[in-house]
There are 2 protein chains.
Amino acid sequence: MKSVSNPHDCREELRRLEMRVTPARLGVLDVLEHAEVPLDVSTVIAYLDKQQIPADEVTVFRILNAFSKKGLIRPVQFNEGKLRYEYADKPPHHHFICEQCGSVSDVEGCVVGELEKQIEKKTGARVTRHSLEFFGICRRCGV
Amino acid sequence: MKSVSNPHDCREELRRLEMRVTPARLGVLDVLEHAEVPLDVSTVIAYLDKQQIPADEVTVFRILNAFSKKGLIRPVQFNEGKLRYEYADKPPHHHFICEQCGSVSDVEGCVVGELEKQIEKKTGARVTRHSLEFFGICRRCGV
DNA sequence: TGACAAATGCAAGTTACTTGCATATACTGC
DNA sequence: GCAGTATATGCAAGTAACTTGCATTTGTCA
């Protein structure tokens, strides 16, 4: 169990990024900060609903875009045809997605830094980020 | 320069997979077999148009889905909000996508096999595939 | 060559996301 | 605390990438 973040912290985080503090933003930040896996938009909206924080779907999209631009959160794609978002302040890691039950788990550590350097050396490009996801069948789903 | 594939080969490839041979399917297979990078649906459609192969957009979507299911091609995602497809019969590799000009290049070799084994050992899951893409600025775009 | 299943085309639907614009609200200075 | 202003929000409508349903066409096999 993780404790609910001090609302004051979220507040300061937003102020630091020169963003206005609104209930919807605090709510979105709170749910992403405590999520164990990247969340899609409808999950975030469901959380706001449950917390009785009124927020239009469009507003949530706009908030997620704004947070992404500021680097507060990071979009992740699991080949579902939609984006998920995770709090950016996590150590580099990857994800394993079960294609049967959809469960997601973190894969600790990032092994591709070396390869990034190789690419930069070989091609002259600058690599700024990467995405690495593993797909398969989790233990519970597999025989 | 790559040579255009023998239409007879495509034909046999489809028959082998127990799929009917139609002009649209031959066209889609041909363009993907010779593409240097994964193509999105509208690019495939543009190619068919140029070749004067009549094919509805819906048909192309259906063909690509069917080919994916048979493992003939493989969907790839570059965080563009749409899928691309590449011919499956290529050695394992990854992609580098320039976020400025959109150009795509292959990154030879696959370095994550070892990590896959680790995941399987640690979690008891079965990893069937992964996706690894690098994003950044290519040499031509960067200063 | 004809029968039948599979593929296609067209229209309409769905999902994820964006845009425009009027209204509401958070912050700043007083 | 309060007014002024920039910013955030809500609602309606729009868009892009697919998907689905159904009637028609076409490839395949006997």
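Convention: sequence-line order gives letters A, B, ...; per-chain numbering from 1. Everything numeric here is computed off the predicted structure, so don't read it as measured data.
Residue B:Asp30 holds its CG atom at 8.5 Å from CG of B:Leu26, rounded to the nearest 0.5 Å. Annotation: the span from B:Glu108 atom CD to B:His94 atom NE2 amounts to 11.5 Å, rounded to 0.5 Å. Atom-to-atom distance recorded for A:Cys110:SG and A:His130:NE2 is 3.5 Å, nearest 0.5 angstrom. Atom CG of residue B:Asp9 and atom CG of residue B:Leu29 lie 10.0 Å apart, to the nearest 0.5 angstrom.
Surrounding NZ of A:Lys90 are more than 12 heavy atoms belonging to other residues, nucleotides or ligands, all under 6.0 Å away.
If you walk DNA chain C from 5' to 3' and mark each nucleotide with an atom closer than 4.0 Å to a heavy atom of chain A, the marks span C:dA16 to C:dT28.
For the pair A:Leu72 and A:Tyr85, the minimum side-chain heavy-atom distance is 4.5 Å or more. Contact annotation: the side chain of A:Ile97 approaches that of A:Glu133 to within less than 4.5 Å [non-hydrogen atoms, C-beta and beyond]. Side-chain contact between A:Thr43 and A:Val31 is absent, with no heavy-atom pair separated by less than 4.5 Å. Residues A:Asp40 and A:Arg84 form a side-chain contact, since some pair of their non-hydrogen atoms from C-beta on lies under 4.5 Å apart.
Salt bridge annotation for A:Glu13-A:Arg16: present, with a cationic side-chain nitrogen under 4.0 angstrom from a carboxylate oxygen.
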So if I define the base as every atom that isn't primed, P, OP1 or OP2, how would nucleotides 25-30 of chain D read as a B/S/- string at a heavy-atom cutoff under 4.0 Å? --BSS-

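In this view, B:Arg74 and B:Glu86 satisfy the salt bridge (Lys or Arg N to Asp or Glu O under 4.0 Å) rule, not counting sequence neighbours. In this structure, the side-chain hydrogen bond (donor to acceptor under 3.5 Å, both in side chains) partners of A:Glu99, at least two apart in sequence or on a different chain, are B:Arg129.
Atom CD of A:Glu80 and atom P of D:dA17 are 19 Å apart (whole Å). In this structure, the CG atom of B:Leu83 is 13 Å from the C1' atom of D:dA16, given to the nearest Å. Distance CG (A:Asn79) to C1' (D:dA17): 15 Å, rounded to an integer number of Å.
End-to-end axis angle for the helix from C:dT1-D:dA30 to C:dC30-D:dG1, using five pairs per end and rounding to 10°, comes out at 40°.
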Take B:Arg25 and B:Arg20 through the side-chain contact (heavy atoms from CB on, under 4.5 Å) test and state the conclusion after the steps. CA-CA 9 Å; B:Arg25 286 179 175 187; B:Arg20 289 192 178 172; 4.3 Å; yes

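Taking every heavy atom of residues 54-71 of chain A and every atom of DNA chain C, pairs under 4.0 Å involve A:Val58, A:Phe61, A:Arg62, A:Asn65, by number.
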